[in-house]
Trainee: 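For reference, the structure I am asking about is given below.
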Amino acid sequence: MMSRLRILSPKRNKRLQTGWEGFFPYYAGFPELFARELLQSAKLPSHAVILDPWNGSGTTTYAASGLGLTSIGLDLNPVMIIVARARLLPPSEADHLLPLAATILSHARAASPTLDPSDTLLDWFKPTTAAFIRGIEWNLRRSLVGSRTKSPDSVHLDKISGTAATLYVALFAVCRKLVTPFRSSNPTWLRTPKEIEARLAVSPATVARYFTENVKGMSTTLAEKLDADSLAVGSPRVGECKINLSDTASMRLDANSVDFVLTSPPYCTRIDYTAATRIELAVLGPLLSTNARALGKQMIGSTQVPCTSIEVDEKWGKTCARFLAALQKHPSKASSGYYYRTHLDYFDKMSRSIQRMSDAMKPDSRAILVVQDSYYKDLHNDLPKIISEIGVKHGLTFKQRKDFHLRSMSDINPGRQSYARPSGATESVLCFTK
Ligand SMILES: C[S@@+](CC[C@H](N)C(=O)[O-])C[C@H]1O[C@@H](n2cnc3c(N)ncnc32)[C@H](O)[C@@H]1O
């Protein structure tokens, strides 16, 4: 018999983002406590494999690893691969971080490469500032990113070491802090200054100080974790974890290889997951084989119109078909064109991804998906219901839906002001078995 799952609220909460968690302030589908309690209550055997196909900042892989369980985390955004790998840095590495950062900084002060005029850091920073930030990144890459990660023809970010990933996260945080003047009311959008003169000039000393402060904070927090672990009875077993760069709509996982899925798929709220990490993608520029626009197009929930024409598929279920028909007929501007086509793209990628996820699950395994509903103008997009139906069409059995009301909706949907609709949103925890 399957054990009863303990489902806490998946709402993000500032109070839960302290300590090591506080260094990974990226959009997250759910807090670490939610993931840990759920995995623990599942009473999985020690050889079980946990999958998060949309791993983002790596909450599932981090929680699984802490419980000694093997896990696989996938994401299409290279920034999230680095963040999720950094989060797994063993506390025993705490001592290395500051001396490494000091060496990297002294090399950056002494010599930096000539800045490429197409470097996207120049979108926000004046050339001397961009050159110093690139100098830190270049020295970090030179000392810590080896040939296993970077070969002449391609980059395997999923092989980057935890230490290198952690120093990248510290540099991401420096840039995030510096570009604060360009944040807008839409939490995922970062403006670029229109006038060249408005680009930021920050002294190397300030950039270096912010970088050192971040690394120091991370190192101290890790050391505290090390002390806490040493007080625990028995040495904690850390689970093996693979973090891979992958597109779920075309991913290849071994059939019948996964015991438990815990994930939060991209929402249908026009959140552009690539735009939310534009500054981090700029830092990673030389390590990427793609650009932000091409990556954005591949994302589930892309705001770009797909190149090919997509038809409504029977596998998307009845609720989805009804919602799409209403959206297409909606009298507002661009509903039958742009918005209809981007929604088709969303459901097409989502259905193909769930098919692959289901194929990878073992018989009698479970999948937990945290999904949020939204509104298109006045039309309710009951994404939890739609995903439940897509899951069933792809061979899963739908078991349970637990709803949590959120006071604010994490969307930037058009028409929020002009259409009557309830405030807030519902975040649902969906449980399936195979
Ligand atoms: C709601 S977030 C997941 C948050 C995660 N639970 C966490 O702890 O941060 C959804 C993730 O899906 C990723 N994503 C979007 N399209 C994808 C695709 N086609 N393949 C893989 N990942 C994708 C986004 O980059 C984003 O990180």
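Whatever order the structure lists ligands and atoms in, that order sets their numbers, starting from 1. For this chain, numbers begin at 1 and follow the sequence in order.
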Trainee: Ile300 to ligand 1: N or O pair under 3.5 Å?
Mentor: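 The answer is yes, given that Ile300 and ligand 1 share an N or O pair closer than 3.5 Å.
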Trainee: Starting at OG of Ser351, measure out to CD1 of Ile390 and round the result to the nearest 0.5 Å.
Mentor: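 Between Ser351 OG and Ile390 CD1, I get 5.5 Å after rounding to 0.5 Å.
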Trainee: Side chain, backbone, both or neither: which part of Ser246 comes within less than 4.0 Å of ligand 1 when only heavy atoms are counted?
Mentor: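 The answer is the backbone.
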Trainee: Are a donor atom and an acceptor atom from the side chains of Ser335 and Ser332 found within less than 3.5 Å of each other?
Mentor: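 Yes, side-chain donor-acceptor contact under 3.5 Å.
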Trainee: Please could you name the atoms of ligand 1 that Asn77 approaches to less than 4.0 Å, counting only its heavy atoms?
Mentor: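 So the atoms of ligand 1 that pass are 25 (O).
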Trainee: Suppose the criterion is ring-ring contact (aromatic ring centres under 6.0 Å, His included): which pairs have a residue in residues 64-91, not counting sequence neighbours?
Mentor: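 Sorted result for residues 64-91: empty, none.
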Trainee: Using a distance-only test with no angle check, is there a side-chain donor-acceptor pair under 3.5 angstrom linking Tyr267 and Glu427?
Mentor: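 Side chains of Tyr267 and Glu427: pair found under 3.5 Å.
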Trainee: Does the pair Lys194/Asp123 count as a salt bridge with the N-to-O cut at 4.0 Å?
Mentor: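 No salt bridge links Lys194 with Asp123.
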Trainee: Using a 6.0 Å distance limit plus a 45 degree cone around the ring axis, check whether Lys177 lies over the aromatic ring of Tyr210.
Mentor: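 That pair qualifies as a cation-pi contact.
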Trainee: Heavy atom to atom 2 (S) of ligand 1, shortest distance: which of Ser57, Pro31, Ser264 holds it?
Mentor: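 Ranked by closest heavy atom to atom 2 (S) of ligand 1, first place is Ser264.
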Trainee: Is it true that Lys349 lies under 4.0 Å from ligand 1, counting heavy atoms only?
Mentor: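 Outside the 4.0 Å threshold, so no.
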Trainee: Looking at ligand 1, does any of its N/O atoms fall within less than 3.5 Å of an N/O of Thr248?
Mentor: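 It does: an N or O of Thr248 is found under 3.5 Å from an N or O of ligand 1.
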Trainee: Taking only distance into account, with no hydrogens and no angle test, what donor-acceptor pairs under 3.5 Å do side-chain atoms of residues 216-223 form with protein atoms, sequence neighbours excluded?
Mentor:
from, atom 1, to, atom 2, distance (Å)
Ser219, OG, Ala94, O, 3.2
Thr220, OG1, Lys216, O, 2.7
Thr221, OG1, Gly217, O, 2.6

Trainee: Test of understanding: given a 4.0 Å heavy-atom threshold, classify the contact between Val370 and ligand 1 as side chain, backbone, both, or neither.
Mentor: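 Neither; nothing of Val370 gets under 4.0 Å from ligand 1.
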Trainee: Consider every N or O of Asp247 and every N or O of ligand 1, then say whether any pair is closer than 3.5 Å.
Mentor: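 Yes, Asp247 has an N/O under 3.5 Å of an N/O on ligand 1.
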Trainee: What are the atoms of ligand 1, with element, lying closer than 4.0 Å to any heavy atom of Asn55?
Mentor: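 Listed by number with element, the hits are 5 (C), 7 (C), 8 (O), 9 (O).
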Trainee: Measuring from Thr212:OG1 to Leu98:CG, what's the distance to the nearest 0.5 Å?
Mentor: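 Result: 7.5 Å between the selected atoms.
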Trainee: May I ask you to identify, for Trp54, whether its side chain, its backbone, both or neither come under 4.0 Å of ligand 1 on a heavy-atom basis?
Mentor: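 Under 4.0 Å from ligand 1, Trp54 contributes backbone and side-chain atoms.
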Trainee: Of Val261, Ile7, Leu39, Leu262, which meets side-chain contact (heavy atoms from CB on, under 4.5 Å) against Ile368?
Mentor: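 That would be Leu262.
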Trainee: Asp75 versus ligand 1: do any nitrogen or oxygen atoms come within less than 3.5 Å of each other?
Mentor: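 Among all N and O atoms of Asp75, at least one is under 3.5 Å from an N or O of ligand 1.
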Trainee: With nothing but distance in play, are any N or O atoms of Leu76 less than 3.5 Å from an N or O of ligand 1?
Mentor: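 Yes, Leu76 has an N/O under 3.5 Å of an N/O on ligand 1.
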Trainee: Below 3.5 angstrom, do we get any N/O pair linking Thr59 and ligand 1?
Mentor: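 Such a contact does occur with ligand 1.
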